[in-house]
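Hydrogens, waters and symmetry mates play no part in the numbers below; they use all other heavy atoms, side chains included. Predicted model only: the values in this text are computed from it and were never measured.
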Amino acid sequence: MVVERQGHAVPDAVPTRIGQVVMLHHAGDREEARQRFLDLWAEIGEHGDPLHRCTLAHYLADTQDDPADELAWDLRALTAAEEVTDAGTTPGAGALAVRAFYPSLHLNLAADYAGLGHRDAARAHLRRARSAATALTDDPYGEGVRAAISRLESRLGEDGDGMWTPPRQRP
């Protein structure tokens, strides 16, 4: 994404900044990552670029301690993704990026709902994740998301009470 500033095109730094915080989180500093994500969220705002909000909320969910908070951030990510894809009839780069993001968004929501004991909602989002996964390529990311969908399907099928604790690390 490129932003116009004083007549000059400059690269959008937000995706890079999100990526830096993701690396911090993956290195194990969850608290610091959560705070930096929240600072970035405050900077972007609830009405900022929907692709930025989608990406940020998607990763911010992974830093939450409370499963209900994790669900709330994943729902924000899905809402922002829908804003990107509904923005116009011509699919731009943002819409294409979000389309590849949908399987993971729905997988995360399925895991959130399963962890909260809402089996029907979990299954509904798992079906949406499986359907959206057809847009993924056969690269490591796509294979990882499809494998995670299969694992959650198995766990929900084997677990009689619908309770499941999702892993903290997601694709």
Side-chain angles (χ1 to χ4, degrees), residues 1-5 8-26 33-64 67-114 118 121-149 152 166 168-171:
M1 181 175 276
V2 175
V3 178
E4 275 294 317
R5 217 175 265 155
H8 293 75
V10 294
D12 181 0
V14 173
T16 300
R17 292 170 63 198
I18 292 171
Q20 290 168 339
V21 180
V22 168
M23 290 188 317
L24 180 68
H25 180 231
H26 287 172
R34 177 175 36 231
Q35 188 55 54
R36 288 188 188 188
F37 278 141
L38 287 169
D39 291 345
L40 191 51
W41 182 265
E43 183 181 320
I44 292 169
E46 288 191 38
H47 302 290
D49 182 293
L51 182 57
H52 292 164
R53 286 186 289 118
C54 174
T55 306
L56 183 55
H58 182 62
Y59 288 114
L60 188 51
D62 293 338
T63 67
Q64 300 305 303
D69 291 338
E70 187 171 2
L71 173 62
W73 282 109
D74 280 328
L75 288 169
R76 283 183 187 103
L78 181 62
T79 298
E82 290 168 345
E83 287 178 38
V84 173
T85 56
D86 292 344
T89 56
T90 307
L96 293 175
V98 167
R99 198 168 70 207
F101 222 10
Y102 271 118
S104 182
L105 292 171
H106 286 293
L107 171 63
N108 291 352
L109 284 163
D112 294 341
Y113 282 119
H118 301 290
R123 288 183 183 277
H125 280 283
L126 201 49
R127 281 190 300 273
R128 292 176 78 183
R130 173 67 68 196
S131 175
T134 60
L136 296 175
T137 58
D138 289 330
D139 61 5
Y141 173 77
E143 292 167 8
V145 171
R146 283 189 289 274
I149 291 168
L152 183 53
R168 298 306 314 167
Q169 201 77 348
R170 297 194 234 161

Counting C-beta onward and ignoring hydrogens, is there a side-chain heavy-atom pair between [X] and [Y] closer than 4.5 Å?
X	Y	result
Val14	Asp49	no
Ile149	Leu126	yes
Leu60	Thr63	yes
Leu56	Arg17	no

Classify the ring geometry of [X] against [Y]: parallel below 30°, tilted from 30° to 60°, perpendicular beyond 60°.
X	Y	value
His118	Tyr113	perpendicular
Trp41	Trp73	perpendicular
Phe101	His58	perpendicular

Using side chain to side chain contact (heavy atoms under 4.5 Å, CB included), reason through His125 and Arg128 one step at a time and then give a plain yes or no.
CA-CA 5 Å; His125 280 283; Arg128 292 176 78 183; 4.0 Å; yes
Hey, is the main chain of Glu46 close enough, under 3.5 Å, to the side chain of Arg53 for a donor-acceptor pair?
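Yes.
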Look at the side chain of Ser131 and the backbone N and O of Arg127, then say whether any donor-acceptor pair between them is shorter than 3.5 Å.
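Answer holds: no.
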Pairwise distance [atom1]([X]) to [atom2]([Y]) - rounded to 0.5 angstrom:
X	Y	atom1	atom2	value
Glu83	Leu51	CD	CG	11.0 Å
Leu136	Arg99	CG	CZ	10.5 Å
Thr134	Arg146	OG1	CZ	9.5 Å

Set out, in order, the CA-CA distance, both residues' side-chain angles and the distance that settles side chain to side chain contact (heavy atoms under 4.5 Å, CB included) for Tyr59 and Ile18, then state yes or no.
CA-CA 8 Å; Tyr59 288 114; Ile18 292 171; 4.0 Å; yes
Can you list the steps and then say if Glu70 with Asp62 is a side chain to side chain contact (heavy atoms under 4.5 Å, CB included)?
CA-CA 7 Å; Glu70 187 171 2; Asp62 293 338; 4.2 Å; yes
